[in-house]
Amino acid sequence: MTSVYLTAGEANGVNAPQDEKPDFEGYAAARQYGIRAAYAAMTTGDRDAAWRREVRRLPGDVVFETATLVAKPHVTLAFLNLRAPLDAADGGSNRLAWLWDGRRDAQPYLRPTDSPLPAPGGCAATTCSPCWRRC
């Protein structure tokens, strides 16, 4: 069984309390930790079961992370880590929808804290590595 998470889900980057400074990478890492813990608890009864985390590559040097439950290797999570939809800096675009419908040709990802992914680079019209590109 493979579950795919398209966005990093970093929201406003604040776990709690609300007076903390945003930490988008940390927020995304905490979210993914919780997802892994939930799947581990449901399938093994141990929320702290070990995961094998790896970087996967697609053509065009597009990367994403997978986490495979060691005790139940048929359980894999794929994290594409696209930035969450709303961004005031670029007019509140919905990044995922705009990538899908062609208003955006590429989208950099967010690297969660402790992720095996390489640090994301910037996207330009002709070079976009590492980013998600519209096919």
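- Distance check: Leu80 CG to Leu110 CG gives 12.5 Å after rounding to the nearest 0.5 Å.
- Side chains of Thr113 and Glu25: no donor on one and acceptor on the other come within 3.5 Å.
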Please output the side-chain donor-acceptor pairs of residues 31-42 that fall under 3.5 Å, not counting sequence neighbours, one pair per line with the distance.
residue, atom, partner, partner atom, Å
Arg31, NH1, Thr7, O, 3.3
Arg31, NH1, Ala8, O, 3.4
Gln32, NE2, Asn81, OD1, 2.6
Tyr33, OH, Asp48, OD1, 3.4
Tyr39, OH, Ser3, OG, 2.7
Tyr39, OH, Tyr5, OH, 3.4

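- Once rounded to the nearest 0.5 Å, the distance linking CD of Glu54 with CG of Leu117 reads 11.5 Å.
- Residues passing the salt bridge (Lys or Arg N to Asp or Glu O under 4.0 Å) test with Arg47, sequence neighbours excluded: none.
- Nearest heavy-atom pair, Thr68 versus Pro73, reported as atom, atom and distance to 0.1 Å: CG2-O, 3.5 Å.
- For the pair Tyr109/Ser115, no side-chain contact is recorded, criterion being any heavy-atom separation below 4.5 Å from C-beta on.
- A single hydrophobic cluster is not seen to contain both Val75 and Val70; linkage of ILVMFWY side chains at heavy-atom distances under 4.5 Å, directly or through other members, places them apart.
- Looking at heavy atoms from C-beta onward, Thr76 lies out of side-chain contact with Met1 at the 4.5 angstrom threshold.
- Judged by distance alone, the side chain of Arg56 and the main-chain N or O of Phe64 form no donor-acceptor pair under 3.5 Å.
- Linking Ile, Leu, Val, Met, Phe, Trp and Tyr residues whenever their side-chain heavy atoms come within less than 4.5 Å places Leu69 and Phe79 in a single cluster.
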Report task. Please lay out, stage by stage, how Arg57 and Val62 fare under the test side-chain contact (heavy atoms from CB on, under 4.5 Å). Result -> CA-CA 6 Å; Arg57 294 193 182 279; Val62 173; over 6 Å; no

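- Checked for salt-bridge contact, Arg53 and Glu65 meet the test: a charged N lies under 4.0 Å from a carboxylate O.
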